[in-house]
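Structure record follows, encoded as structure tokens.
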There are 2 protein chains.
Amino acid sequence: MKPVFAAKTHDHAACVADALGEAETLCQARGVKLTPLRRAVLELVWDSHRPVGAYDILDQLSKQRGRVAPPTVYRTLDFLLANGLVHRIESLNAFVGCSVGPDVPHSGSFLICTDCGRAAELNDNRIAAAVNLTLQGSGFRPDRHTIEVAGRCADCAAGPEAE
Amino acid sequence: MKPVFAAKTHDHAACVADALGEAETLCQARGVKLTPLRRAVLELVWDSHRPVGAYDILDQLSKQRGRVAPPTVYRTLDFLLANGLVHRIESLNAFVGCSVGPDVPHSGSFLICTDCGRAAELNDNRIAAAVNLTLQGSGFRPDRHTIEVAGRCADCAAGPEAE
DNA sequence: ACAGACATGTTATATTATAACACATGAAGC
DNA sequence: GCTTCATGTGTTATAATATAACATGTCTGT
């Protein structure tokens, strides 16, 4: 079985540390600032492999720094989105860390488990390729795509133990 | 050029009449009721080939029947969605009539023009096939998908005349 | 010091969606 | 006929998501 979702036993601390490190590097390369606020939000997004809502982030952030207002969170998410560090999951109005790598521009394609809530980003252009194939001759100029497949991940399909 | 988007000159009245007729037939076949309210909402959704927001529907509906509250609209949309008569465009929080045919269960795949706002539903065999192919060996059991490609339709890409 | 750019804070509000309960209507059984 | 039940609709209130507009702070280059 191909590992698509993060193994339930993986070293998540390292996983987050990696993501933050890469983000730091990327921001330096681009001459943009990964401020403490942005870093904190990115870390909260990476807190799990589940897409997280803006207001969940807001709640967590408030615990760390006292009252935070929605624009703070949305602006920060806008920055992270613009730099490819997170993706928005349209079907959930939620956000998840980019696990493909922000240096390659891409829209993100996701599998979302409706049981455990985890999301897995596909590093695979076959779906996008099929979309492009379907477009051929239509004159449509694609700009970005939203590809989100909901279902049950292998773990959840296998053992329906309590969430 | 394959006709993906409805031609700007097509007979839209006939287009809507068709959709309503098919809906009527389908509902009878299924033993569910296409009530006047549901018919009115479906007609409003089909009013254009642009995805339309729930509150836009609400406004229009209010003109026809006096004060209407949000739950009325959302419930009606839920019915139409459940019966495959409309699709939800996640990236726009909006709804559009199903032009593939509600008798075949499908999640819908859309092209959305960011210039003129129109949406075109793809007859998505190849896309669904690519999704399945990509998932092979992953153990993921897909249930439904959200595929929305934003870009410029042929008309808008060709002539940037005023919207 | 100052200007300018950028990041953040603050207040208010817009937009999208649902929960919970009330009432109406029509078919199924008695 | 009346009851009962399921279904559809109405109504009130509120939740959840998102943005506009403006104020303040903070760094950087000169």
Side-chain angles (χ1 to χ4, degrees), chain A residues 23-24 26-28 30-45 50-83 85-96 117 146 148, chain B residues 23-24 27-28 30-45 50-83 85-96 112 117 146 148:
Chain A
E24 199 73 69
L26 180 97
C27 287
Q28 276 183 12
R30 290 198 186 154
V32 297
K33 281 181 266 191
L34 190 64
T35 62
L37 174 64
R38 290 169 176 172
R39 197 170 208 281
V41 171
L42 183 57
E43 192 165 3
L44 287 170
V45 170
R50 293 175 176 79
V52 56
Y55 280 76
D56 292 338
I57 292 170
L58 190 151
D59 289 345
Q60 291 306 115
L61 207 54
S62 296
K63 287 180 191 162
Q64 299 174 12
R65 6 181 99 208
R67 196 157 116 70
V68 168
T72 298
V73 173
Y74 282 102
R75 270 193 303 233
T76 307
L77 287 170
D78 284 346
F79 170 87
L80 298 173
L81 286 166
N83 285 283
L85 296 168
V86 305
H87 291 288
R88 180 180 164 85
I89 306 294
E90 298 291 348
S91 58
L92 299 174
N93 293 333
F95 303 84
V96 71
T146 300
E148 299 168 10
Chain B
E24 199 73 67
C27 287
Q28 275 183 12
R30 290 197 185 155
V32 296
K33 281 180 268 191
L34 191 64
T35 63
L37 174 65
R38 290 168 176 172
R39 197 171 208 281
V41 170
L42 183 57
E43 192 165 4
L44 287 170
V45 169
R50 293 175 175 80
V52 55
Y55 281 75
D56 291 337
I57 293 170
L58 190 150
D59 290 344
Q60 292 304 116
L61 207 53
S62 295
K63 287 180 191 162
Q64 297 175 13
R65 1 181 102 210
R67 195 155 117 70
V68 169
T72 297
V73 174
Y74 282 102
R75 271 192 304 232
T76 307
L77 286 170
D78 284 346
F79 170 87
L80 298 173
L81 286 166
N83 285 284
L85 296 168
V86 305
H87 291 288
R88 181 181 163 83
I89 305 295
E90 298 291 349
S91 59
L92 299 175
N93 294 333
F95 304 85
V96 71
I112 301 155
T146 300
E148 299 167 9

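Chain letters run A, B, ... following the sequence lines, proteins first and then strands; every chain starts at 1.
Annotation for B:Leu77 and B:Val86: closest pair O-CG2, 4.4 Å, computed over non-hydrogen atoms. Counting all heavy atoms, side chain and backbone alike, A:Gly117 lies closest to A:Pro51 at O-CD, 3.3 Å. Contact detail for A:Val45 and A:Val52: the closest heavy-atom pair is CA-CG1, 3.9 Å.
Below the 3.5 angstrom threshold, one finds a donor paired with an acceptor across the side chain of B:Arg75 and the base of D:dG10. For a distance-only test at 3.5 Å, the side chain of A:Tyr55 fails to qualify as a donor-acceptor partner of the base of D:dA15.
Which of D:dT19, C:dA17, D:dT11 sits closest to the side chain of B:Pro70 comes down to C:dA17. Here the nucleotide nearest the side chain of A:Arg38, chosen from C:dA7, D:dT17, C:dA19, is C:dA7.
Following rounding to the nearest Å, A:Ile89 (CD1) and D:dT17 (C1') show an atom-to-atom distance of 16 Å. Between the CZ atom of A:Arg67 and the P atom of C:dT8 there is a distance of 17 Å, rounded to whole Å. Atom CD1 in B:Ile57 sits about 14 Å away from atom C1' in C:dT15, given to the nearest Å. Taking atom CG on B:Asp78 and atom P on C:dT18, their separation rounds to 7 Å, with Å as the unit. Note: CD (A:Gln64) to C1' (C:dG9) measures 17 Å, nearest angstrom. If you take CG of B:Leu61 and C1' of D:dG10, they are 13 Å apart, rounded to a whole angstrom. One can place CG of A:Leu81 at 11 Å from P of D:dT19, the figure rounded to the nearest angstrom. For the pair A:Leu37 CG and D:dT24 P, the computed distance is 20 Å after rounding to whole Å.
In this pair, B:Tyr74 does not lay its aromatic ring on the base of C:dT18; centres under 5.5 Å and planes under 30 degrees do not both hold.
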Exercise for the section: Decide side chain to side chain contact (heavy atoms under 4.5 Å, CB included) for A:Leu61 and A:Leu37; before the verdict, give the C-alpha distance in whole Å, the side-chain angles of both, and the deciding distance to 0.1 Å. Expected result: CA-CA 9 Å; A:Leu61 207 54; A:Leu37 174 64; 3.8 Å; yes
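The closest side-chain donor-acceptor pair between A:Ser91 and A:Glu148 falls under 3.5 angstrom.
For B:Thr35 and D:dT9, the shortest distance from a side-chain N or O to OP1 or OP2 is below 4.0 Å. Checking the phosphate oxygens (OP1, OP2) of C:dT15, no side-chain nitrogen or oxygen of B:Asn93 falls inside 4.0 Å. The shortest distance between the side-chain N/O atoms of B:Arg88 and the OP1/OP2 oxygens of C:dA17 is below 4.0 Å.
Between A:Val68 and B:Lys33, the residue anchored closer to the 5' end of DNA chain C is A:Val68, taking for each the nucleotide with the nearest heavy atom. Nearest-nucleotide positions on DNA chain D for B:Pro36 and B:Pro71 put B:Pro36 closer to the 5' end.
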